[in-house]
2 protein chains.
Amino acid sequence: MNKPPSFAEGLLQYVEELKDESEMTEKQRNILRASVKLFAEKGFHASSTSEIAKEAGVAEGTIFRHYKSKKDILLAVVAPVLVKFAAPFILKDVREIFKERAQKPFGEIVTELYRNRLNLVVANEKHIRILLQEAFFHDEIREALISTVFEDAKVMAQKLIEAKVDAGELRPLPSQAVFRAVLSAMIGLVLFRQVLDKDDYAAYSDEEQIAMTVDILLNGIAK
Amino acid sequence: MNKPPSFAEGLLQYVEELKDESEMTEKQRNILRASVKLFAEKGFHASSTSEIAKEAGVAEGTIFRHYKSKKDILLAVVAPVLVKFAAPFILKDVREIFKERAQKPFGEIVTELYRNRLNLVVANEKHIRILLQEAFFHDEIREALISTVFEDAKVMAQKLIEAKVDAGELRPLPSQAVFRAVLSAMIGLVLFRQVLDKDDYAAYSDEEQIAMTVDILLNGIAK
DNA sequence: CATAAAAGCGAGTGATTACTCACTTATTAC
DNA sequence: GTAATAAGTGAGTAATCACTCGCTTTTATG
């Protein structure tokens with residue numbers, strides 16, 4: 001009775017209420033933009049509403065006209081990114097595309113996946129920063145991230161992997177381990193490019209880095 | 001001209017000042033323990049000094065008797081973990097061991113590395129949580145982490161990799177890409193075990209998971 | 001045992017926090 | 001054109017923040 005809304009319910013409910021940017025006032029857009037900037041720089045808790053107001057060129061009261069609490073701003077910032085990440089796995093017609101693609105060699109599928117996700121991350125760097133930061137503390141956000149994005153991706157990926165194993169294209173390893181390898185390589189790619197090793201990464205183009213990563217994923221590093 | 005202390009200087013200086021737990025008073029140990037608990041649960045900024053005092057069973061004034069500011073507590077919490085992570089790459093005699101090991105097959109070296117680091121993470125879960133969380137915002141911590149731990153590890157690993165390539169044990173890939181593959185697999189292993197996929201991970205033992213990961217790293221997933 | 005230093009205390013500090021509310025200005029609907 | 005609704009304001013609020021300081025208690029030293 002009255003059990004708290006699950007990941008999908010909570011998120012999707014919020015998504016329903018999500019306004020399109022076009023139907024916001026100028027000031028409201030400024031508030032969001034300022035919040036993204038400050039949250040990404042100093043974190044949610046370290047950014048005060050008075051700072052946000054100043055950065056947005058708005059009275060502090062205006063903020064609470066649009067968002068009933070500070071945390072509400074965070075959700076408004078984070079939800080769209082979560083949706084973008086989750087979308088490919090939620091939307092049915094994209095699943096269809098995935099099915100069509102299942103005929104392609106696994107290497108090509110993964111290459112396309114890495115390319116796609118890398119672009120997504122680069123284009124939404126700040127938002128993703130905020131999303132990850134806050135996923136550390138806010139259970140709702142972390143659970144939404146894992147349940148919505150990760151679990152769905154896992155199910156789809158493992159199906160594909162098992163099919164490819166049956167087709168003799170991949171080695172008969174536990175699909176769990178293969179999925180981890182695919183995802184790890186992707187995370188590593190993003191992490192090195194964006195955080196850890198920017199300089200050395202740039203010695204090759206994105207396309208080359210992806211190709212090397214897929215090559216190693218498929219064929220290993222041993223001679 | 002008064003240039004800011006580099007990673008190693010700054011860190012090592014702080015480490016010098018690090019008290020051993022044994023030479024702390026009961027209350028001071030309680031303060032640290034309480035801080036670790038709260039920082040891990042709610043983050044640094046969201047934890048107030050009054051909460052820490054209450055959790056530690058101590059007057060708020062006592063905290064500032066031992067730590068001159070709240071941020072000082074964070075550094076006292078984080079520094080020992082940073083040292084643990086960095087130690088293998090800083091200590092010279094460990095480098096020697098690494099040289100001896102260089103004769104072993106690459107797969108064995110990596111297996112040992114994964115085993116070692118996985119234990120480290122499991123044994124220091126909360127501290128590492130705090131370290132990563134705060135590395136997002138505090139430049140000093142992030143830079144210490146990258147400069148001290150990552151860069152040193154990279155240099156050592158790439159030397160080893162290049163030696164193994166020359167010896168014909170590894171494929172002649174850019175050592176950068178190989179290093180990324182090795183580290184990505186390790187991060188993925190930890191991430192799946194601790195955060196993303198606890199349940200399914202447990203279907204195999206740590207030792208089995210490591211073995212599969214190394215197998216995939218060396219030989220790839222393709223047939 | 002005497003004395004000094006360190007550890008511990010908690011009421012009190014000004015600054016800042018998220019948020020409210022009575023009010024004004026702009027937009028929409030008929 | 002006027003009534004109603006929404007958007008915007010900024011002074012004000014109680015609570016909380018990190019931190020201080022005068023004081024007491026404990027521990028170490030000779």
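Within every chain, numbering begins at 1; the chains are lettered A, B, ... in the order of the sequence lines, protein sequences first and strands thereafter.
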Rounded to the nearest angstrom, tell me the gap between atom [atom1] in [X] and atom [atom2] in [N].
X     : N      : atom1 : atom2 : result
B:M24 : D:dT27 : CE    : P     : 18 Å
A:I52 : C:dT17 : CD1   : P     : 11 Å
B:I31 : C:dC9  : CD1   : C1'   : 12 Å
B:N30 : C:dC9  : CG    : P     : 10 Å
A:L38 : C:dA18 : CG    : C1'   : 15 Å
A:E26 : D:dA6  : CD    : C1'   : 17 Å

message: Between A:H66 and D:dG8, is there a contact of a side-chain N or O with OP1 or OP2 at under 4.0 Å?
response: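 Answer yes for this pair, as a side-chain N or O of A:H66 is under 4.0 Å from OP1 or OP2.
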task: Can you sort out the partners of A:D199 under side-chain hydrogen bond (donor to acceptor under 3.5 Å, both in side chains), two or more places apart, ordered by chain and number?
output: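 side-chain hydrogen bond (donor to acceptor under 3.5 Å, both in side chains) check on A:D199 returns nothing, list empty.
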message: Tell me the bend of the helix from C:dC1-D:dG30 to C:dC30-D:dG1 as the angle between end helix axes, each from five pairs, rounded to the nearest 10 degrees.
response: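 The value is 30°.
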Could you list the donor-acceptor pairs under 3.5 angstrom formed by side chains in residues 55-64 of chain A, with sequence neighbours left out?
from  : atom 1 : to    : atom 2 : distance (Å)
A:E55 : OE2    : A:K37 : NZ     : 3.4
A:E60 : OE2    : A:T49 : OG1    : 2.9
A:T62 : OG1    : A:A59 : O      : 3.3

With sequence neighbours left out, what residues match [X] under salt bridge (charged side-chain N to carboxylate O under 4.0 Å, His left out)?
X      : answer
A:K198 : none
A:K42  : A:E51
B:E162 : none

message: Using side chain to side chain contact (heavy atoms under 4.5 Å, CB included), reason through A:I109 and A:Y114 one step at a time and then give a plain yes or no.
response: CA-CA 9 Å; A:I109 299 175; A:Y114 287 175; over 6 Å; no
task: Please list, chain by chain and in numerical order, all residues satisfying ring-ring contact (aromatic ring centres under 6.0 Å, His included) with B:F150, sequence neighbours excluded.
output: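 Counting only residues at least two positions away or on another chain, B:F150 forms a ring-ring contact (aromatic ring centres under 6.0 Å, His included) with A:F192, B:F179.
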message: So, using ring-ring contact (aromatic ring centres under 6.0 Å, His included) as the criterion, who are the partners of B:H138 when residues are at least two apart?
response: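 If we apply the ring-ring contact (aromatic ring centres under 6.0 Å, His included) test to B:H138, skipping adjacent residues, the hits are B:F44.
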statement: Once base and sugar-phosphate atoms are separated, protein heavy atoms under 4.0 Å mark nucleotides 9-22 of chain D, 5' to 3', with B, S and - as BB------SBBB-B
